[in-house]
Protein chains: 2
Amino acid sequence: MEYFSLLKSTKIFSDANEFECQAMMFCFKTRFKSFDKNEKIITEGDSVSDVCLILKGSANILNEDDLGNISIISRVGFGEVFGLEELNNKMECFKNNLVAKEKCLVMFMNAHRLMNMCENKCKRHELIIKNLMSMLLDNNKILLEKLNILSKKSTREKLLAYFKLCAEKNDNTYFEIPFNKTELANYLSVDRSAMSTELNKLKSEGIIDFDKKQYHLKKSQ
Amino acid sequence: MEYFSLLKSTKIFSDANEFECQAMMFCFKTRFKSFDKNEKIITEGDSVSDVCLILKGSANILNEDDLGNISIISRVGFGEVFGLEELNNKMECFKNNLVAKEKCLVMFMNAHRLMNMCENKCKRHELIIKNLMSMLLDNNKILLEKLNILSKKSTREKLLAYFKLCAEKNDNTYFEIPFNKTELANYLSVDRSAMSTELNKLKSEGIIDFDKKQYHLKKSQ
DNA sequence: AAAATAGTGTTGTTTTTACAACAAAATGAG
DNA sequence: CTCATTTTGTTGTAAAAACAACACTATTTT
């Protein structure tokens, strides 16, 4: 099967063999689609019934308001999903946009089938549900972490909270972030130029160091 | 059973009869504990292995930083859970505090047992897993909604985003919020006095009206 | 009912951030 | 390599928020 080499290394299909993968793909009514850079994979307000799984490339989950302000909620890459919220069946429409950061290959799965497979005879249902749950928990954790960052009041505190988290996740005070400066400002919901000033202040104070997307948190406070 | 009347109306035990409830309680090694107002139910940094289910009262999920700034992440009440993140087994310790807002009765369930019951013979495992998943999805949604609020830059925008959400959830422009003004400021991560000023400005502009915890969103923009 | 506590609104000052506009540097496409 | 585009840093100004201090009101507690 064309996509098995990709699927087998995703969390959701982990531990499933090719035959099982194929059976599940049929069961979930999967379809594949490619997206160009900056193309919208999901548009806010869409009432789709599918969950997306990113198989190639990466995408930004965006929140855009009426005034055109863009806020990056989170970045999703290979093996990550978007749209799990739908599994609840209650959601009328998406509350955010999903926009390709680069050329993307996305697999869509029917949310209802994914959730209700328990009632089917599908052999690996327990596994998938467990994997789904695990992904959902990861998602939850990421959102909570972000809330802890955004609940800081100043740009400085937000930056430091974010860098601290990155360093912890990396288990290293040297780390690379997935954002350029403009994106980082959108991610932290702060003004880009004010952030730029603050970043360079932190650098001159010897608290952090950075070059491009490489950062070094020298003092955690 | 003493607690069945409470448990039967929680989401997690919905559709389980008294006998099944009892079996599951045994399986999950449940224990009960009461907490006074302002008492910490869970302390940040605790490496507990239990999930909490609120059976009476309500509690705040708090994020407190080194400087003593308090931010309310979310409010949990009857039937709601805290600590699902643990189900992933990867979490070393809690990242937030759970503090009783009033006198509380809390049921603790062993996270590992909850998650791995599939492998047991427990009759209702499918149901519980589905309920758990559903709660996790709710949780996810709440966190995303809050992120959408906190990603607004000004206090005014945060207030309006929050009120808009409340009105939508209530399906009514008149609604009651679970916070007093001080708590609302902590929830939105803004300065209380600045918020107070902004609130009264919005009122004088005829955009909102409020009295105590009762609000009316007159113009949604 | 009185006293203590918690909640709310107001003000002025200081600090921080947003915003806008620009210049320089880096990147990418042809 | 060159040109166009994107990214980054800088500055000054205006706006907003934080902070602190206080007065007043409402709510509990005793």
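Note on naming: letters A, B, ... go to the chains in the order of the sequence lines (proteins, then strands), and numbering restarts at 1 for each one. From a predicted model like this one, the values you see are computed outputs, not experimental measurements.
- Between A/Phe94 and A/Phe82, the ring center distance clears the sub-6.0 Å criterion.
- Taking the six-membered ring where the residue is Trp, A/His216 and A/Tyr174 present parallel rings, their angle staying beneath 30° rather than reaching 60°.
- For the pair B/Lys8 and B/Glu18, the salt-bridge criterion is not met [side-chain N within less than 4.0 Å of a carboxylate O].
- Across its full length, the helix from C/dA1-D/dT30 to C/dG30-D/dC1 shows an angle of 60° between the axes of its 5 terminal pairs at either end, rounded to 10 degrees.
- Using a 4.0 Å cut-off, no side-chain N or O of A/Lys181 falls inside it from OP1 or OP2 of D/dT6.
- Annotation: cation-pi pair A/Lys203/A/Phe210 present, NZ/CZ under 6.0 Å from the ring centroid and within 45° of its normal.
- Within the 6.0 Å centre-distance limit, the rings of B/Tyr215 and B/Phe163 are counted as a close aromatic pair.
- Using a 4.0 Å cut-off, some side-chain N or O of B/Thr155 falls inside it from OP1 or OP2 of D/dA17.
- In this structure, A/Asn180 does not reach the D/dT6 phosphate: none of its side-chain N or O atoms is under 4.0 Å from OP1 or OP2.
- Between A/Ala194 and B/Ala194, it is B/Ala194 whose nearest contact on DNA chain C lies nearer the 5' terminus.
- Taking the six-membered ring for Trp and the full ring otherwise, the centers of A/Phe108 and A/Phe32 sit at least 6.0 Å from each other.
- At a cut-off of 3.5 angstrom, counting only N and O atoms as typed in the model, there is no donor on one side facing an acceptor on the other between the side-chain of B/Arg192 and the base of C/dG7.
- Residue-to-nucleotide proximity on DNA chain D shows that, of B/Lys201 and B/Ser193, the 5′-proximal contact is made by B/Lys201.
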